[in-house]
Amino acid sequence: MNNVNYARQLDHLLEQPETKGKHLFLHSCCAPCSSYVLEYLRSFFSITVFYYNPNITEDAEYRKRVIEQKRLIGIFNAMGDAYPIEIVEGDYVPEQFFAMSRGYEKCPEGGERCFRCYEMRLRETALQAKKAEADYFTTTLTISPLKNAGKLNEIGEELSQIYKVEHLPSDFKKKNGYKRSTELSREHALYRQNYCGCVFSKREREEQMQKERQETS
């Protein structure tokens with residue numbers, strides 16, 4: 001069992017004066033999850049949001065989410081009280097996700113298919129961070145109570161060794177991070193989806209909702 005306190009590691013790093021103003025390449029899964037992370041880190045880092053999510057397997061859903069991501073960044077930049085945030089949109093090729101998940105279609109949410117999806121998105125983030133000569137890379141995914149922060153950090157550290165870019169440790173749901181993200185979502189009327197993004201998570205969520213309706217009827 002992974003008992004590393006990644007939130008504490010991040011706090012320690014942010015206390016170091018040399019961290020101020022460094023370039024962070026931040027993978028974002030969606031605007032709501034990035035809301036707290038951007039609020040929290042934009043005074044410490046010059047952030048490039050990397051929106052790379054081929055797991056969102058419906059084009060209309062993908063477009064809706066990326067528009068919200070850009071809108072939220074515009075809101076933060078308009079405040080003018082921290083480092084400006086930039087955004088880079090990665091290639092949207094759902095076929096990459098389906099190829100990666102072949103043979104893992106029936107895995108439950110939070111299982112091996114999700115771990116492979118973490119690795120796919122973090123690998124591309126690390127690669128693009130290296131190309132951008134960023135100082136750090138990380139992901140907003142650790143803000144979700146449904147995501148395995150230990151596994152995400154483990155993958156990030158492995159990729160850091162491969163691509164020679166520092167991985168920023170995180171467990172953004174700690175210190176009420178997830179709660180704050182829901183507050184910011186309401187404050188800015190962000191579109192907040194009820195499933196991760198892939199067809200498998202959507203199907204599982206719909207089955208869960210149907211079961212809940214049957215139990216209460």
Cluster link Tyr6 to Leu122, ILVMFWY, side chain under 4.5 Å: no
Ile56 with Tyr52, same ILVMFWY side-chain cluster at under 4.5 Å: no
Flag, side chain of Asn55 to backbone of Cys114, donor-acceptor distance under 3.5 Å: no
Approximate separation, where rounding is to 0.5 Å, of Cys30 SG and Gln193 CD: 4.5 Å
Basic-acidic side-chain contact under 4.0 Å: Glu187, Arg192: no
Lys64 NZ/CZ over Tyr191 ring centroid, <6.0 Å and within 45° of normal: yes
Arg8 and Asp171 ion-paired at < 4.0 Å: no
Spacing of Asn5 atom CG and Gln9 atom CD [to the nearest 0.5 Å]: 7.5 Å
Cluster overlap Leu141 with Ile143, hydrophobic side-chain contacts below 4.5 Å: no
Between His167 and Phe137, ring centroids under 6.0 Å: yes
Check: Ser34 side chain, Ala31 main-chain N or O, donor-acceptor pair, under 3.5 Å: yes
For the student: nearest non-hydrogen atoms of Leu13 and Thr19, plus distance: O-OG1, 2.9 Å
NZ/NE/NH1/NH2 to OD/OE distance under 4.0 Å, Glu112 and Arg116: no
Linked, directly or transitively: Ile73 and Tyr92 (ILVMFWY side chains, under 4.5 Å): yes
Other residues, nucleotides, ligands: >12 heavy atoms within 6.0 Å of Lys179 NZ: no
Nearest-0.5 Å distance, OH of residue Tyr83 to OG of residue Ser43: 8.5 Å
Geometric class of the Phe115/Tyr118 ring pair [parallel <30°, tilted 30-60°, perpendicular >60°]: tilted
Sidechain-backbone polar pair: Ser185 side chain, Leu190 backbone, donor-acceptor under 3.5 Å: no
Phe172 backbone acceptor or donor facing Thr142 side chain under 3.5 Å: yes
Residue pair Met79 / Arg42: nearest heavy atoms and the distance that separates them: SD-NH2, 3.3 Å
Ring geometry between Phe98 and Phe200 (parallel below 30°, tilted from 30 to 60°, perpendicular above 60°): perpendicular
Same apolar cluster (I L V M F W Y, side chains within < 4.5 Å links), Phe50/Leu159: yes
Nearest-0.5 Å distance that lies between atom CD in Glu124 and atom CG in Asn53: 11.5 Å
Carboxylate-amine/guanidinium proximity below 4.0 Å for Glu68 and Arg71: yes
Geometric class of the Tyr40/Phe44 ring pair [parallel <30°, tilted 30-60°, perpendicular >60°]: perpendicular
Atom pair OG1 (Thr138) and NE2 (His27), whose distance is rounded to the nearest 0.5 Å: 10.5 Å
Glu86, CD atom: more than 12 neighbouring heavy atoms under 6.0 Å: no
Check: Tyr51 ring centre within less than 6.0 Å of Tyr62 ring centre: yes
Sequence-distant partners of Ile67, side chain to side chain contact (heavy atoms under 4.5 Å, CB included), two or more places apart: none
Nearest heavy-atom neighbours spanning Arg121 and Cys29: NH1-CB, 4.0 Å
Residues, nucleotides or ligands: over 12 heavy atoms within 6.0 Å of Asp59 CG: yes
Shortest non-hydrogen contact from Arg113 toward Met100: O-SD, 4.2 Å
Side-chain donor/acceptor of Thr48 to backbone N/O of Ile87, under 3.5 Å: no
Note, Leu127 side chain near Lys131 side chain (heavy atom, < 4.5 Å): yes
Thr57 side chain to Val199 backbone, donor-acceptor under 3.5 Å: yes
Closest heavy-atom pair and its distance - Glu109, Cys198: OE2-SG, 4.4 Å
Heavy-atom closest pair, residues Gly197 and Arg65: CA-NH2, 3.7 Å
Gln16 side chain to His12 backbone, donor-acceptor under 3.5 Å: yes
